[in-house]
**Student:** 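Please find one structure pasted underneath; my questions will follow.
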Amino acid sequence: MRKSLLFILAIAMASVLASCSRGKVKYRIGVSQCSADIWRDKQNAEFRMSAYFHDNVELKFAAAYDSDDRQIQQIDSLVSSGIDLLIVAPNQVSTISPAIDRAYDKGIPVIVFERKTSSQKYTAFISADNYEMGRVIGAYIATRLHGKGRVLEVMGLKGSSPAIDRHNGFVNALKNHPGIELVATLQGDWTEESAVKAIKDYKGDISNIDFVFGQNDRMAMGARKVMASASTKYCGIDGLPGENGGIRLVRDSILDATFIYPTHGDRLMQMAVDILEGKPYEKEVRLMSALVTKDNANVLLMQNEEIIQQSAYLDQLHSRADIYLQQLDTQRVITLMAIALIVLLILVATILYRYQIQKLRLTEERTKMEREQLDFYTQAAHELRTPLTLIEEPLNQLAETPAIQLADGKTTELFSIVRRNTANLSKLINKILDVQTGVSPHHLTSDQTDEIPIPQVKEESSKDTSAPATSEGEIPTLLIVDDNADIRTLLKTILQPHYQLLEASDGQEGLRVAHEQVPDLIVSDVMMPVMNGLEFCQQIKTDFVTSHIPVILLTARALNKHQIEGYESGADAYITKPFQADLLLARISNLLKSRLQLRHLWSHSKQKEEKVEEEPKAEVKENAFILRFKAIVEEKMTDSNLSVEDIGAEMNLSRVQLYRKVKALTGCSPVDLLRKARLSEAFRLLSESDLSVSEIAYRVGFTSPSYFSKCFKEEFGKVPGETRK
C-alpha cells in the first residue's frame, strides 16, 4: 500500500508541475547592439515596451561598445543560448558578417537594422535612409549659407554603413553648390570625444569655418566644444528628445539643426513576431525621418513629452498587470495543487477504506475462527474436566477412608498409581485446554506430564471449613445447580456434613427453587441446558428477593475471559474443575461469614465489641476498621450531605481506597452501608421513641420522608408505620 501511495503522490505532483508549466510558447529574441548610447537606450526601451503586447516573447540584450570582436562573441553566445531570432546592428559592414552568417546558416532568422553588412544572409533589413539624411543636411546647410561658405564634416565609425551613406549623400548635395567649400572630412567613431580629438589633430585652417556637420549630434557637440568661433553653426543627426538630445539642443540654439534618426523598436519587434509566427513581412523597410530646426523643435519636444508620459503610464499599468498576473499564477498554482491534493486524499481515503474493509473482513474471519476454536476447547474442557472431577475428588476422599489407609501394600500401591496418573492426566488436560499459554498439544508427551507444576491454591486456607451459623443459629442452606447428576452427588457428599442442601438440574429450575426457598448460598455450573449458569447468576442478582444471595460458579471454563464473564454476571466466586473439596468449603465459609458480618454490623448489641479481643489479630484489625467506619457514620448520620469523600477524609483514605476496603470486607459499597446504617437507626428509633416518621427520616439523614419510606420497605419488607405497630 505504501508503494501505491508513493506512486499516486508522484503522479499527482507531476500533474501539478506539468499543468503549472503549460502556457504560451516563449519566443526568445536576441538583440545585439553595436554600441551603448542614449539612442540605443531609447530603442531598447521601445523593444521592452512592445514586448508588453507580446507576452510570449523573451528578450536578451547585448551591447558591444563599438568592438567588433566583442560583438562577434556576443552573437555566437546568443545563438548558443537557443534564441529563436536575432536582431543585430552591425558595428562595421564586413567584420561582423561571418557571425551573422553563422546564425543564419543554423536556421535562425536574422533582422539587420540601422547598419548594413557585406553579406546577403539576412531575413530582413530595416533602417532609415542614411544617404537621404546626408543629402538633406547638405541641402539645408547650402540654403543657410546662401550658396557660399566653408564647411567641415566629422564622420562616424570608419567602415560603418551609416557613416559611408551619410557622407555620400552630403557630398553629392554640396556638388550642386559650387560656392560652398568642403574644407575637410575628419574621421570620428560616433562619440563626442572622437570629434574633439579629430579636430584637434587636424592641421588645416579651421578659423573661418561657417558650418560643421557632425554625422551625429554627439560629434557635432564635440566639434562645438573645440572650435572657438562664435559665428560657426553646427548640425547633426539623431534628433533625440531627451535632456541632452538633439531636439532640445536645437530648441536652445546650441545646434542649428538635427535630423531625426528613428529608433522604431516597436516596428522591429512587430517584424520579428511576424517572422516567428509565419506572417507576411517586407524584406527591406525604410523608416521615415525628418529635419529638426528652430521652427519645429518646440512642437516635437511637446509631442515627445506626451509620449514619455504615456509610456510611463503604460509602464505602471504593465507593472500592475505583472503583479496581478503573478498573483493569478500563484492562485492558479495553489488551486491546481489543492485539486491535486484533494484527488490524492480521495485516492488515499479510497485505498485506506478498502484496506480497512479487507482488514475488518480478515479480523472478522479470524475472530470467528478463534471463537469457534474457543468454543471447541470450552466444550472439550467441560466434557473432560467434569468426568475428571468425578474421578479425582472421589479418589481424594477415598484416600482419607480407613479402608484405604489400612489396606495391604499391593492395594495401597495400586491406589497410588491410580491417584498419580489421575493427577498427571489432570495436568495434561489443563495444558492442552489452556489456549492462552500457546502450548500446542502436539508438543506434550507422556514423559513431560510429571514435570507439569501443580497450581498453588492462594484464595483461601483449607483449615477453616466449618459452616458459619445464620443469625438465628440455623445451619445455612445451599442450592446446587448442575445438569450432571454425578456432579450433584459429589457435591452433596462434600457439602452435606456442613450445610442443608437443595438441588436443581438447570438454571431455570434453579431460579424457581431459589425464589421459593431463598437459600443462603448457591453453587452453580456454567454450561447447562435450558438456561446456562451465567444467565442464571444474572437473574439471581437482579431479582429483589434473591439479589443478596452469594453465587459460586463451578465450571470447566478456565480462561480469564470466562472468569471475567462470570464476575460480570454477578458471581461472587469462580472455581474451575477439577476442584479441591477443601477449597470449595473454605470459599463457601468465607462468603457466608462476610454476609453475617454485614448483617450484624449495625446491631446495637455490645457482643461484637466484646468478641473483638478474642479473635485473631488479622480479624481484630479488620473488625476495628469496620467499627471505626460504623462510628463515623453514626456520628455524622444526621448530616444529609454526608458523602463517601467525607468518611474517607475522616479515616485518612481516598474514595477509591475506602471503597475497595469496605467492598473487600463486606461485599457492599460504602454508599450501601451508609444507607443501611441510617435505616437500622431509623428502625431503632421507630421501636424506642415517639418521634414521627418524618422526624425520624430527617434525623437519620434522609431529605424526603417518602424516599425514606421506600428505602425502609426495601430493606425490612414493610413500611415504617407497620414497624411501629
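These numbers were taken from a predicted model, which means no experiment stands behind them. Heads up: numbering here begins at 1 and tracks the sequence.
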**Student:** Would you compute the distance between atom CD of E282 and atom CG of D274 and round it to the nearest 0.5 angstrom?
**Tutor:** 10.5 Å

**Student:** Should we count NZ of K368 as having more than 12 external heavy atoms under 6.0 Å?
**Tutor:** no

**Student:** Do other residues, nucleotides or ligands put more than 12 heavy atoms under 6.0 Å from K197 NZ?
**Tutor:** no

**Student:** May I ask you to say whether R135 pairs ionically with E132, meaning some side-chain N is under 4.0 Å from a carboxylate O?
**Tutor:** yes

**Student:** Between R28 and E58, does any NZ, NE, NH1 or NH2 come within less than 4.0 Å of an OD or OE carboxylate oxygen?
**Tutor:** no

**Student:** Should we count NZ of K294 as having more than 12 external heavy atoms under 6.0 Å?
**Tutor:** yes

**Student:** Would you please classify the geometry between the Y140 ring and the F211 ring as parallel, tilted or perpendicular, with 30° and 60° separating the classes?
**Tutor:** perpendicular

**Student:** Quick check for you: to the nearest 0.5 Å, what is the distance between Y234 atom OH and F213 atom CZ?
**Tutor:** 15.0 Å

**Student:** Is it true that E365 and R361 make a salt bridge, defined as a side-chain N closer than 4.0 Å to a carboxylate O?
**Tutor:** no

**Student:** Using side-chain heavy atoms (C-beta onward) and a distance below 4.5 Å, is Q43 in contact with Q33?
**Tutor:** yes

**Student:** Does R267, at its CZ atom, have more than 12 non-hydrogen atoms belonging to other residues, nucleotides or ligands within less than 6.0 Å?
**Tutor:** no

**Student:** For atom CD of Q73, is the number of surrounding heavy atoms from other residues, nucleotides or ligands below 6.0 Å larger than 12?
**Tutor:** no

**Student:** Can you tell me how far CE of M219 sits from CD of E193, rounded to the nearest 0.5 angstrom?
**Tutor:** 11.5 Å

**Student:** Main chain of R150, side chain of E181: is a donor-acceptor contact present, judged purely on distance under 3.5 Å?
**Tutor:** no

**Student:** Under the rule for side-chain hydrogen bond (donor to acceptor under 3.5 Å, both in side chains), what residues qualify as partners of R218, not counting sequence neighbours?
**Tutor:** D37

**Student:** Which one of N168, N172, D165 satisfies the side-chain hydrogen bond (donor to acceptor under 3.5 Å, both in side chains) criterion with Y131?
**Tutor:** N172

**Student:** Give a yes or no on whether the ring-centroid distance for Y122 and Y104 is below 6.0 angstrom.
**Tutor:** no

